[in-house]
Amino acid sequence: MQNIQQTSGQVWFGGERIDGLTPDRVAAAGISRTYQNIRLFRNITAIENLLVGMHLHLKSHWWGALFNTPHTKRDEAQAP
């Protein structure tokens, strides 16, 4: 994986400047990512793909997603 260095400007998230932070501090600030393997999630919707990236922040469990429980539906509906 190539590490690209910032050459100018500032990066802000949630009112806090985050450029220069280590990846673990950026994640702790609330930013996460998914790997760009489109074929892995080709048969799901754009919203479902976004929820994959939010899985660390949701309170639901994998079995709730599997069985589409009411708790999981509420959790996903309330996701930012």
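Position 1 is the first residue of the sequence; numbering continues from there.
- Distance check, rounded to the nearest 0.5 Å: NZ of Lys73 to CD of Gln78 gives 14.0 Å.
- Through chains of ILVMFWY side-chain contacts below 4.5 Å, Val26 is grouped with Val11, Phe13, Ile18, Leu21, Ile31.
- Residues passing the side chain to side chain contact (heavy atoms under 4.5 Å, CB included) test with Thr22, sequence neighbours excluded: Asp24, Arg25.
- Qualifying side chain to side chain contact (heavy atoms under 4.5 Å, CB included) partners for Gln10, counting only residues two or more places apart in sequence or in other chains: Trp12, Arg17, Asp19.
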